*Asks:* 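Structure provided below as structure tokens; questions to follow.
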Number of protein chains: 2
Amino acid sequence: MVSLTADYALRAMLLLARDETDRALRADEIADATGAPRNYMAKVLNAVAKAGLINSTRGPAGGFTLAIPSTEITLGRVIDLFDTVPGNPRCMLGSGPCDPARPCRSHDAWQAVTAARRSPFLSTTIADLLNGRVDPLAVHPVPESLNVA
Amino acid sequence: MVSLTADYALRAMLLLARDETDRALRADEIADATGAPRNYMAKVLNAVAKAGLINSTRGPAGGFTLAIPSTEITLGRVIDLFDTVPGNPRCMLGSGPCDPARPCRSHDAWQAVTAARRSPFLSTTIADLLNGRVDPLAVHPVPESLNVA
DNA sequence: CGAGTTTCTCATCTGGATATGAGTATCTCG
DNA sequence: CGAGATACTCATATCCAGATGAGAAACTCG
């Protein structure tokens, strides 16, 4: 669902958002707190920093801080840095990508499912998650009869 | 998002549902039509058959057919056969699983996001997908301002 | 029964995600 | 400026989903 790497990144962002006004957090602090290997977390944080979501400073008292307010960082923005969607180029029916002009009959439905799954990542920010705030649009009940899990 | 293996399985189910009343489809037919490697698709179909969603018969004129109506097969039911959710045992904040009695403050929000992403898989059946029918609950617009993709 | 067809099974290969270790660059501060 | 602290980088190891190949088991039909 979400790669372990993206999961690490999300957790790191939550930690940084919690200390949004406070001192910088070191990579190894973040790694230990999130349960990620230290060197691996360093690489993850580096990638997030390159994307401009966090700042990094070296040397004593260095570490990482948010570069933009946590209210402006959607989950999707973090996750997309790591989870590329390779996907199957061919349409759900048929042997190639759907011609947009003549979509196969399951095309729109599949698109809707995909969009619906992406939606919570776009409508939820790090700040939302930290404060336990949930986008009401993202919560729609599932008929019990269909819950076969 | 969805593993390639689960994607193969979904496509196979769509094919079988399209010929729901017709003859059995051979593994290699299904493989070719879906773009999956033949031997690999055989393994996938075998797993779906073991789960009871499809029937398999060997020998001439053998192949696979749906074991239950496509209206009763949700996407989640197929996908769950392959996409296990290992996930990080620890809560999004904190160093272990959340105590249900005293959840961390992002616990409910994260649960909601997860549930919202799972919902389309539970509320959509193979038949829905095949006929381009979309659960209206699964389609909620995303504010343009949040669409940072 | 025998031959052909098809599913089923297993052992192995491969590539990418994950992880590790060691070393390099850059900063602060005395 | 020197030393310590920290981020950064790279080479390599590990693990697993995905893919492959070859063969065994089971069925149909003449």
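Just so you know, these numbers use all the heavy atoms, side chains as well, and skip hydrogens, waters and symmetry mates. Keep in mind it's a predicted model, so treat the numbers as computed, not measured.
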*Asks:* From CG of D7(B) over to C1' of dG18(D), roughly how many Å is that when rounded to an integer?
*Replies:*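 Result: 13 Å.
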*Asks:* If we ignore hydrogens and angles and just use 3.5 Å, is the side chain of T34(A) paired with the main-chain N or O of A31(A) as donor and acceptor?
*Replies:*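 Yes, T34(A) side chain to A31(A) backbone: donor-acceptor pair under 3.5 Å.
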*Asks:* Measure the angle between the two terminal helix axes of the helix from dC1(C)-dG30(D) to dG30(C)-dC1(D), five base pairs each, and quote it to 10°.
*Replies:*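 Nearest ten degrees gives 10° for this helix.
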*Asks:* Measure CZ/F82(B) against P/dG18(D) and give the value in whole Å, please.
*Replies:*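 Roughly 10 Å, once rounded to whole Å.
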*Asks:* Within the 4.5 Å heavy-atom criterion, are L75(B) and I126(B) side-chain neighbours or not?
*Replies:*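 Yes, side chains in contact.
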*Asks:* By the definition side-chain contact (heavy atoms from CB on, under 4.5 Å), identify the one residue from M41(B), M13(B), R38(B), R11(B) that meets it with I30(B).
*Replies:*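 Output: one option passes, namely M41(B).
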*Asks:* Only one of L10(A), V48(A), V2(A) passes side-chain contact (heavy atoms from CB on, under 4.5 Å) with F82(A); say which it is.
*Replies:*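 Going through the options one by one, the only one that passes is V48(A).
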*Asks:* So which nucleotide from dT7(C), dA7(D), dA19(C) ends up closest to the side chain of R26(B)?
*Replies:*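 Selected nucleotide: dT7(C).
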*Asks:* Between R77(B) (side chain) and E72(B) (backbone), is there a donor-acceptor pair under 3.5 Å?
*Replies:*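 Present.
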*Asks:* Can you check the R58(B) CZ to dC29(D) P distance for me, whole Å?
*Replies:*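 From R58(B) CZ to dC29(D) P: 16 Å.
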*Asks:* Nearest of dA19(D), dA19(C), dT26(C) to any side-chain atom of Y40(A)?
*Replies:*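 Nearest nucleotide to the side chain: dA19(C).
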*Asks:* How close or far is atom C1' of dG18(D) from atom CE of M41(B), stated in whole angstroms?
*Replies:*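 Spelled out: CE on M41(B) to C1' on dG18(D) is 13 Å.
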*Asks:* Evaluate side chain to side chain contact (heavy atoms under 4.5 Å, CB included) for V78(B) paired with F121(B), printing each intermediate quantity in order.
*Replies:* CA-CA 9 Å; V78(B) 177; F121(B) 285 165; over 6 Å; no
*Asks:* Check the distance between dA19(C)'s P and D28(A)'s CG and give it to me in whole angstrom.
*Replies:*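 After rounding, the gap between these two atoms is 17 Å.
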*Asks:* Relative to the 5' end of DNA chain C, which residue comes earlier, A6(A) or G59(A), by the nucleotide with the nearest heavy atom?
*Replies:*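 Its nearest nucleotide lies further toward 5', so the answer is A6(A).
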*Asks:* Check the interface with nucleotides 9-12 of chain C: list each N/O to N/O pair with the protein under 3.5 Å, or write none.
*Replies:*
| residue | atom | partner | partner atom | Å |
| --- | --- | --- | --- | --- |
| dT9(C) | OP2 | N46(B) | OD1 | 3.1 |
| dT9(C) | OP2 | K50(B) | NZ | 3.4 |

*Asks:* Relative to the 5' end of DNA chain D, which residue comes earlier, P60(A) or L45(A), by the nucleotide with the nearest heavy atom?
*Replies:*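 Per heavy-atom nearest nucleotide, the more 5' residue is P60(A).
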*Asks:* Find the distance R38(A):CZ to dA5(D):C1' and express it as a whole number of Å.
*Replies:*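 Rounded to the whole Å, the gap is 14 Å.
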*Asks:* Can you sort out the partners of E29(B) under salt bridge (Lys or Arg N to Asp or Glu O under 4.0 Å), two or more places apart, ordered by chain and number?
*Replies:*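 Testing E29(B) for salt bridge (Lys or Arg N to Asp or Glu O under 4.0 Å), a comparison that skips the adjacent residues, returns R23(B), R26(B).
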*Asks:* Measure the distance from CZ on R23(B) to P on dT6(C) and round it to the nearest whole Å.
*Replies:*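 Going from R23(B) (CZ) to dT6(C) (P), I get 10 Å.
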*Asks:* Could you check whether any side-chain N or O of R117(B) sits under 3.5 Å from a backbone N or O of R117(A), counting only pairs where one atom can act as donor and the other as acceptor?
*Replies:*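 The answer is yes, because a donor-acceptor pair under 3.5 Å joins these two groups.
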*Asks:* With a 3.5 Å distance limit and no angle check, can you tell me whether D83(B) reaches the backbone of S3(B) through a side-chain donor-acceptor pair?
*Replies:*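 Answer holds: yes.
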*Asks:* Write down the distance between CZ (F64(B)) and C1' (dT5(C)), rounded to a whole number of angstrom.
*Replies:*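 Computing the F64(B):CZ to dT5(C):C1' distance gives 13 Å.
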*Asks:* Would you indicate, yes or no, if dG18(D) has its OP1 or OP2 atom less than 4.0 angstrom from a side-chain nitrogen or oxygen of T5(B)?
*Replies:*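 Looking at the OP1 and OP2 atoms of dG18(D), one of them is under 4.0 Å from a side-chain N or O of T5(B).
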*Asks:* Does a side-chain heavy-atom distance below 4.5 Å link L130(B) with M92(A)?
*Replies:*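 They are not in contact (no side-chain heavy atoms under 4.5 Å apart), so the answer is no.
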*Asks:* Indicate whether OP1 or OP2 belonging to dC8(C) is found under 4.0 Å from a side-chain N or O atom of S56(B).
*Replies:*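 Result: yes.
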*Asks:* Please state whether the phosphate of dA19(D), meaning OP1 or OP2, lies under 4.0 angstrom from any side-chain nitrogen or oxygen of Y8(B).
*Replies:*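 Checking dA19(D) against Y8(B), a side-chain N or O does come within under 4.0 Å of OP1 or OP2.
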